[in-house]
Amino acid sequence: MGYFKPDPSSKNSAYSIVIPPPNVTGSLHMGHALNAVLQDVLIRWKRMSGHKVLWVPGTDHAGIATQNVVEKQLASEDPMFRTAMNEAKNKNIKEKQFLSQELYRYKIGREAFIEKVWKWKAEYGGKIIHQLKRLGASCDWSRERFTLDEGLSKAVKEVFVRLYEEGLIYRDNRLINWCPRCHTALSDLEVEHEELEGKLTYIKYQLTSPVSSLSKGGIDEGYITVATTRPETMLGDTAVAVHPDDSRYKDFIGKTVDLPLTKRKIPIISDNTVDPLFGTGAVKVTPAHDFNDETIAKRKSPPLEFITVIGKDGRMTETAGSRYAGKDRFECRKIVLEDLKEQDLLEKEEKYKYSIGHCYRCKTSIEPLITLQWYVNVKPLAREAIRVVRERQIRIIPKGWENTYFAWMENIRDWCISRQIWWGHRIPAWYCQEMKSEECRRKSGVIVSRVTPQKCPYCSSEKLVQDEDVLDTWFSSALWPFSTLGWPDETDDLKTFYPTTVLVTGFDIIFFWVARMIMMGLKFMGDVPFRDVYIHALVRDIKGQKMSKSKGNVVDPLTMMDRYGTDAFRFTLAAFAAQGRDVKFSEERVEGYRHFVNKLWNAARFIMMNIETNKNQKEIAERGVEALNLSSRWILSRLATATDNINKALEEYRFNDAASEIYQFIWHEFCDWYIEMAKSDIKNPNLEMSVLRCLLYTLDNSLRLLHPFMPYVTEEIWQKIPHVRRDGEEIQDTIMISEYPKSLSRDHQAEENMSYIIDAVLGIRTIRGELNVPPSAELNVSIKSYSRKAEEILKENMKYLKKLSNSADITIGMEIDKPEGSATCVKSSMEIYVFLKGVLNIEAEVSRLRKAEKEIEDSISLLNKKLLDEDFIMRAPKEVVEKEKAKYEELLRRKERILESIKKLKEVGGEK
RNA sequence: GGGCGAUUAGCUCAGUGGUAGAGCGCUUCCUUCACACGGAAGAGGUCGCAGGUUCGAUACCUGCAUCGCCCACCA
């Protein structure tokens, strides 16, 4: 137990990851699964490689998201509220509207509500943690954190106070994105822009006095027409703007119009940002409900008036006029249009595509509103954050994402951090209600403090009120890499594990999270929060669409685990995780890897079976590996290669390469060749012990190589097998902390020698397969080798050849002639003749050879063309030319052999 | 309006400046004592289109097409 905890006494170098904390309300989805699996692969690999490893788990309180979820649930459980809702429905009021007006939380009050959310969290909040555990995530669960923990809250307050004291946090009254449903401000990032088919409405504004100089290109000088997508906001217009150089409107500037449906007169002004080509070239200016108009208004001197006509609930305010007050903004739009029509001020409506902002949590269209909010001036922090990535103190992998990061960071705007919700870190600011002193008034009575102040430090008033708002969830997430390690206290964890080694996350939160962690880490720790950022793909459905509940295309990771097992599922995710591309999830792939689990299991079973029946069981494990035969030397060499490739791939975050390497090795080298060959060796008393040992050793190493990907099955098998000791290595009682295989030396001689055997076997099998020779037919084979060495090796390994190719008799030599009536296969180091005891179908064999010849011929003509090309001979590198020449010659030789075979066969056929 | 990515076997995806690979699916053969969730042998691709660089391009460059993302205050 306790294997997931870092060993405090370890002197080894630290390797640490903080998990991207999922929402407490969350349930494991594909994105989480991929994210967690990749981290776990790294963590298990590094832990086995001897590092002092820490993976910090935790969850995020996810302010708005959680509040919405819990609020909805609480509301539906409350009978009183349900009745009210039904009544509302009967009165044909949309639920959404109703909720926006009468949010449940306001009914029960702040304290009661917060209490209920905590209760809810205690009951259901552990769900995703359990699911992560089920996935096999080897986090140090004793260090699990929650973004609203006491410790993390302390960190949040510390950061807020310090940034405030440095003037980087300030309060301002300006236009912000407001969600009328969630009833809170949102940062720019939390607004999703979505294009929709809408209408562009042309409204005539009547001039107070006519323009004297006339007839400007068909423009009716009695009116000025504006085009808008939001007619209802006209009630808050405080100007009409045209481009200063627009000749059509030159004489209009400075005049006033009667704002329809109101009694106000508003000026016609000029502004450079107006596009004369769009609409009529005249635009209505609504500073209180449009970001663009706000800048226009503030640019003027004196600034234009701000008139708010839409309230926080998305309904028209009293200012909009009694006819409209209280109406929902979209309902009001209809009424305004009708009213305009009636007064003949509605010129026309055009279809028009435009994008509109929506709340990223509830999809309600956002309303720009003037409110007083807290902001972080992030520009100075961003500068540093850009620098560390430019200077490669942080590597973003794949590199392509760096551009995205820079682009955003360089255009970063101040971050609105206050939220008008209740679930979150309350802003540590208090307001003096009395402001009795000059100093207090100068500070607007604002007190920012780490602890709750008893009295005003400026005027000693005891009438203090805490700010009602809470902080953006991402504010606390930004501190995650150090707040989870104990900051602001100077803890050992912080010393040992900060900066963390790598952050593994999806690209969708590069701005929300990654960028902000970098800024905060640099600011408060004076160092980057992580060395590497590995950005993985998004998991999509098989058609490449984003998985979403509304589309109904969600694949549930838990279902996958139930159906195919956690190991197969994990392996699939890793195998899919190629850099720079999204994952289109395919269930068939998972099924394929389940077969792999089965294959491994059976291979292990076979090996164990043979060890258990062995008289000298103990001895097998106690001595080290000694490769006494070719196949053993070969598999150890292949193991060395696989080990190298896997370690290298993981080092470079090429998870898919690592996965396919281990798959290939276990299945197609270890199982297909070595185990098959071992079947005869273990019957040979001279080899029995060494081969069993080598089988066990290779299995052991395969399990360890595979363990980070498939922790369950590898552990289970590992527990069942005896372990071959390697130079004084300590045998652990779990594979989790056994040593990850390190590079061993390769045996090129063995690999070359083995290739003769493989060639011979494949050659015989090809003939058998292509001629459809039944396995009952035992073959007589002659092999003409092209070298003494090949001859020697083949002779020495006769028994393998016979067994793997199911041949009765094999003759090998350099001087062998093709027996009459035999089939031929030509390899680079030998020719293989299979004699079929007179059953050879000559026609079939001839056509088979013709096909082989044609293939070779195609290659030859290609190569021929190349080698005749003087430019190629002159300009291509020497090695390449030599290689091509050698290839060419070999192909010629093979072609000749095949033609000869065909000739002979024809002779035989002709005689008959 | 900017930026990014994708386009390779029927499907899902790797990949490389020197005549293309995997898994699944498909065809044929095989229940031989680890495994039919298996074994063996096959079929299947002018690597989106058009130019260019190069002795040589699927790979590098440019343009185009299709699809998909991200960013953006054109009402």
Side-chain angles (χ1 to χ4, degrees), chain A residues 175 193 200-201 226-230 233 241 273-275 277-286 290-296 352 354-355 357 368 400-401 403-404 407-408 411 507-508 510-511 538 540 542 544-546 564 568 572 575-576 578 580-610 654 656-657 660 663-664 668 671-672 675-676 679 762 765-776 803-806 858-859 861-863 865-866 869-877 880-881 883-884 887:
Chain A
L175 209 55
H193 293 274
L200 190 60
T201 307
V226 297
T228 180
T229 54
R230 296 201 59 193
T233 61
T273 58
V274 179
D275 178 2
L277 300 176
F278 186 89
T280 60
V283 58
K284 62 194 258 329
V285 183
T286 323
D290 184 283
F291 289 99
N292 204 15
D293 295 356
E294 183 200 24
T295 39
I296 293 178
Y352 182 64
Y354 63 105
S355 78
W401 291 110
N403 288 331
T404 311
W408 188 71
N411 297 302
F507 60 82
D508 50 332
I510 291 180
F511 307 144
L538 209 68
R540 300 173 179 282
I542 200 140
Q545 299 203 313
K546 220 167 171 171
Y564 303 103
T572 310
F576 261 127
R581 198 202 259 244
D582 283 349
V583 171
K584 276 190 233 163
F585 190 81
S586 116
E587 196 168 331
E588 283 169 359
R589 264 310 259 282
V590 193
E591 200 179 347
Y593 290 124
R594 185 184 59 182
H595 296 172
F596 177 51
V597 177
N598 191 253
K599 184 80 182 175
L600 175 72
W601 183 262
N602 279 301
R605 200 169 59 128
F606 169 76
I607 294 167
M608 282 312 293
M609 243 167 51
N610 284 290
R654 289 180 289 112
N656 57 326
D657 288 338
S660 79
Y663 180 93
Q664 206 62 27
H668 297 302
C671 291
D672 284 357
I675 293 184
E676 289 307 320
K679 281 176 182 172
L762 291 181
R765 283 176 181 172
T766 301
I767 293 171
R768 185 192 274 286
E770 291 187 355
L771 290 178
N772 257 331
V773 181
S776 54
K803 183 162 172 51
L804 295 178
S805 66
N806 194 32
D858 287 349
S859 305
S861 64
L862 251 160
L863 274 174
K865 209 171 123 195
K866 209 171 191 176
D869 186 347
E870 272 180 46
D871 285 333
F872 174 72
I873 304 291
M874 300 286 288
R875 298 187 197 214
V880 173
V881 177
K883 225 171 92 189
E884 301 290 283
K887 224 194 283 176

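Values in this document were obtained by computation on a predicted structure and should not be read as measured data. Here is the naming used below: chain letters follow the sequence lines, and residue numbers restart at 1 for every chain. These values consider heavy atoms only, across backbone and side chains, with no hydrogens, waters or symmetry-generated copies.
- Comparing rC37(B), rU19(B), rA14(B) against the side chain of D657(A) picks out rA14(B) as the nearest.
- Checked against a 6.0 Å centroid threshold, the rings of Y564(A) and Y593(A) do not count as neighbours.
- In this entry the distance linking CZ of R589(A) with C1' of rC11(B) reads 11 Å, nearest Å.
- Taking both residues in full, the closest heavy atoms of T286(A) and T233(A) are given as CG2-O, 3.3 Å, listed atom of the first, atom of the second, then distance.
- Within the nucleic acid shown, Y663(A) comes within 4.0 Å of sugar-phosphate atoms alone, with no base atom in reach, counting heavy atoms only.
- Within 4.0 Å of S859(A), counting heavy atoms only, lies at least one base atom of the nucleic acid.
- A575(A) and N656(A) make their closest contact through O-CB, 3.2 Å (heavy atoms, listed as atom of the first residue, atom of the second, distance).
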### Query
Going 5' to 3' along nucleotides 54-60 of chain B, which nucleotides have protein heavy atoms under 4.0 Å from the base (write B), which only from the sugar-phosphate (write S), and which from neither (write -)?
-B-----
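- Between L804(A) and R765(A) the shortest heavy-atom distance is O-NE, 3.3 Å.
- Across rA72(B) and rG3(B), the matching P atoms stand 15 Å from one another, rounded to whole Å.
- Of the C1' atoms belonging to rG15(B) and rA59(B), the separation is 9 Å, rounded to the nearest Å.
- Every salt bridge (Lys or Arg N to Asp or Glu O under 4.0 Å) that E770(A) has, sequence neighbours left out, goes to R848(A).
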### Task
Using a 4.0 Å heavy-atom cut-off, write out nucleotides 70-75 of chain B from 5' to 3' as B (base contacted by protein), S (sugar-phosphate only) or - (no contact).
SS-BBB
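- Look at the C1' atom in both rA6(B) and rG39(B): the space between them is 38 Å, to the nearest Å.
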### Message
Within the 4.0 Å limit for protein heavy atoms, which parts of nucleotides 28-34 of chain B are touched? Write it as a string from 5' to 3', B for base, S for sugar-phosphate only, - for none.
### Response
SSS---B
#### Entry: Pairing string, 5' to 3', for RNA chain B - Watson-Crick or wobble contacts under 3.5 Å, brackets [ ] where pairs cross, | to another strand
(((((((..((((....[..)))).(((((.......))))).....(((((..]....))))))))))))....
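- Nearest heavy-atom pair across P368(A) and R230(A) is CD-NH1, 4.1 Å.
- Between the side chains of K887(A) and S859(A), no donor-acceptor pair of N or O atoms lies under 3.5 Å.
- Taking the ring axis of F872(A) as reference, the NZ or CZ atom of K865(A) does not stay both within 45° of it and closer than 6.0 Å to the ring centre.
- When the C1' atom is used for both rC47(B) and rC60(B), the distance is 15 Å, rounded to whole Å.
- Pairing each heavy atom of T295(A) with each of N292(A), the nearest pair is OG1-O, 2.6 Å.
- Residues R768(A) and N806(A) meet the side-chain proximity criterion, which asks for heavy atoms closer than 4.5 Å.
- Applying the side chain to side chain donor-acceptor pair (under 3.5 Å) rule to T201(A) yields no partners; only residues at least two apart in sequence or on another chain are considered.
- Within the 4.0 Å cut-off from OP1 or OP2 of rU19(B), not a single side-chain nitrogen or oxygen of K865(A) is found.
- As judged by a 4.0 angstrom heavy-atom cut-off over every strand, L175(A) is placed among residues making no nucleic acid contact.
- Here H668(A) does not reach the OP1 or OP2 of rG39(B): none of its side-chain N or O atoms lies under 4.0 Å away.
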